[in-house]
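We count ligands from 1, going down the list as the structure has it; atoms in each ligand are counted the same way. All values below were derived from every heavy atom in this structure, side-chain atoms included, with hydrogens, water molecules and symmetry-related copies excluded. Counting begins at 1 with the first residue of the sequence. Keep in mind the model is a prediction, meaning the values are calculated, not measured.
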Amino acid sequence: MFKRKIFVFTLSLIFLPFCRADLSLTLDQNEMAKANSMYQRYCSLCHGKDREGYAADHAPSLRSKSMLSTAYPQMLFDSISWGRVNSPMDGYSEQTGGPLTDSDIILLIRWLAQKENITPIDLDESPISGDASKGKKIFSKNCTNCHGTQGQGITAPALGDQLFLSSATDSYLKHAIVNGRDGTPMQSFDETMQDHDINDVVAYLRSQASGWSAKPRQLAKWPNPNEYIINPTGESPQFTLREGRYVPAREVEKALIDKKKIIILDTRPGSAWQRIHIPGAVPMPYYRDKSKITEDLPNDDTWIIAYCACPHAASDSVINHLRSLGYKNTGVIDEGILKWIEMGLPVVAGKDKINNMSE
Ligand code: HEC
Ligand code: HEC
């Protein structure tokens, strides 16, 4: 609780427009249009054209009133700025290597709220007490099918995520459990669970929080186009494509070991590439100006393999574009990078290690 207050305070110091009075102003037509085009470019891929969610990767609805009225504005700001670790939701803030400024993010949040005519609910923010070990049992019985046994998220958001837990207050969690999320598979537990059971579950979720705070990252330089090809003098790899498109992670690993000539595109937001990527992968976010993509990539039968966390939504969109322009040897890593990491395949993490790699 204490940490969160400091964080909120620091944010409002850095970014003055982030105050309630300003947030309640109505956006004008130009602002609405700008927010809409940002949303379509950066977010609709997973959250859907109309903010309904579930277009890809079980991305939640961004129009549920239950969520918007309690997440507005702090939770939304944190989630969009910093993303959620180990999920396809990456950070979009410039500070993490993403494309959006703080004011862009505030504009998006105000737009999301205004689209649904949201009035923020002032929750009672005092900590909720409950029995965490009882809560764990209730959670295992009622929640893990969708949220995962470790709260890692399956078809529903990862409730064990540290950023989530640091910006979701006890009352925010309780509100979600009591009210559900309208228009989504998250039902209300108001009628099926006693109030003290819900408090126990909240206490359990809280006990999983180990702390998180916003730390601007040291950002690595993006590679130059002349560094795009891995092993430029190597031979072309041979891949078996599932459905004419998807390459097994193991075959890509083998191509790297055998020093084959290949380009690997990381199609997630730039922030995700900054955090962790496959060695030699070029950041080519799905939202990048399409004309820029072809400017930099050789159309000469060099194998170009894309990946994302989704595991396919972002990479498919880039590969579809390349194929429409006649790029022949193109594919998508079937498992995506989250599975790649789970399989123990090589990755480069953070700036320092990226430097090591190019030695
Ligand atoms: C590649 C897919 C993808 C893209 C693109 C994406 N998101 Fe997400 N987003 C997700 C997923 C998946 C989650 C749930 C993460 C989890 O497990 O907690 C999520 C969660 C969120 C949440 C938290 C919602 C909640 O109920 O807790 C917000 C807010 C959000 N995204 C906003 C955005 C915005 C705004 C953009 C565009 C700037 C965006 N997302 C782009 C996949 C995506
Ligand atoms: C049938 C699947 C399912 C079950 C079971 C389920 N949930 Fe959810 N839950 C979801 C989905 C899906 C969402 C995201 C909804 C959206 O906004 O699109 C969600 C959202 C939430 C959120 C809000 C997360 C956020 O990012 O704002 C909380 C908290 C939550 N669930 C807690 C629970 C608890 C506790 C239980 C068990 C008592 C539970 N859920 C059971 C599917 C489920």
Side-chain angles (χ1 to χ4, degrees), residues 35 38-48 51-68 70-73 75-93 98-100 104-105 107-109 111-112 135 138-148 151-165 167-170 172-189 192-193 197-198 200-202 204-205 267-269 271-272 285-287 308-315 317 336 338:
M38 280 195 293
Y39 176 84
Q40 297 306 340
R41 177 170 183 184
Y42 299 115
C43 322
S44 61
L45 181 76
C46 304
H47 292 283
R51 297 159 285 119
E52 69 281 14
Y54 308 95
D57 306 326
H58 312 293
S61 156
L62 295 182
R63 53 196 284 182
S64 124
K65 289 203 162 47
S66 151
M67 189 276 284
L68 288 172
T70 53
Y72 184 84
M75 255 282 300
L76 292 170
F77 187 83
D78 293 350
S79 304
I80 301 169
S81 301
W82 301 91
R84 305 271 175 90
V85 182
N86 294 329
S87 98
M89 179 63 197
D90 281 298
Y92 284 83
S93 152
L100 302 178
D104 289 337
I105 295 173
L107 179 63
L108 265 175
I109 292 171
W111 175 79
L112 285 171
I138 301 168
F139 185 80
S140 303
K141 193 160 157 233
N142 298 285
C143 322
T144 49
N145 278 354
C146 308
H147 290 286
Q152 75 278 23
I154 305 176
T155 54
L159 302 178
D161 179 84
Q162 293 310 314
L163 183 144
F164 171 70
L165 286 173
S167 58
T169 58
D170 290 356
Y172 174 88
L173 296 170
K174 183 165 180 176
H175 185 89
I177 303 166
V178 171
N179 296 279
R181 292 281 192 240
D182 41 293
T184 83
M186 176 66 194
Q187 65 172 100
S188 154
F189 285 89
T192 47
M193 271 163 68
D197 291 336
I198 296 181
D200 292 346
V201 174
V202 170
Y204 166 63
L205 291 174
T267 62
R268 301 171 300 158
S271 56
Y286 62 89
Y287 51 74
C308 58
C310 324
H312 299 152
S315 38
S317 81
L338 297 180

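Under the side-chain hydrogen bond (donor to acceptor under 3.5 Å, both in side chains) criterion, Gln187 pairs with no residue at all, not counting sequence neighbours.
Cation-pi check for Arg63 over Tyr72 is not met; the charged atom does not lie both under 6.0 angstrom from the ring centroid and within 45 degrees of its normal.
Pro269 has its side chain within reach of Tyr287: a pair of non-hydrogen atoms, C-beta onward, lies under 4.5 Å apart. Counting only heavy atoms from C-beta outward, the side chains of Pro157 and His147 approach each other to under 4.5 Å. Counting heavy atoms from C-beta on, the side chains of Tyr54 and Pro185 come closer than 4.5 Å.
Residue contacts with ligand 1, taken as heavy atom pairs separated by less than 4.0 Å, involve Ser87 solely via side-chain atoms from C-beta onward. Of the heavy atoms in Tyr42, both backbone and side-chain atoms come closer than 4.0 Å to ligand 1.
Using a distance-only test at 3.5 Å, with no hydrogens or angles considered, a donor-acceptor pair links the side chain of Ser66 to the main chain of Gly180.
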- [ ] In sequence, state the C-alpha distance, the side-chain angles, and the governing distance for Tyr39 and His47, and then conclude on side-chain contact (heavy atoms from CB on, under 4.5 Å).
- [x] CA-CA 9 Å; Tyr39 176 84; His47 292 283; 3.2 Å; yes
Distance dump, ligand 2 polar atoms to protein, N/O, under 3.5 Å:
residue: ligand 2; atom: 7 (N); partner: His147; partner atom: NE2; Å: 2.9
residue: ligand 2; atom: 9 (N); partner: His147; partner atom: NE2; Å: 2.9
residue: ligand 2; atom: 18 (O); partner: Tyr54; partner atom: OH; Å: 2.6
residue: ligand 2; atom: 18 (O); partner: Ser61; partner atom: N; Å: 2.7
residue: ligand 2; atom: 27 (O); partner: Tyr172; partner atom: OH; Å: 2.6
residue: ligand 2; atom: 27 (O); partner: Arg181; partner atom: NH2; Å: 2.9
residue: ligand 2; atom: 31 (N); partner: His147; partner atom: NE2; Å: 2.8
residue: ligand 2; atom: 40 (N); partner: His147; partner atom: NE2; Å: 2.8

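Each of the following atoms of ligand 1 lies closer than 4.0 Å to a heavy atom of Tyr286: 5 (C). For ligand 1 and Cys46, the ligand atoms under 4.0 Å from any heavy atom of the residue are 1 (C), 2 (C), 3 (C), 4 (C), 5 (C), 42 (C), 43 (C).
For the residue pair Arg84 and Ser79, a side-chain donor N or O sits within less than 3.5 Å of a side-chain acceptor on the partner.
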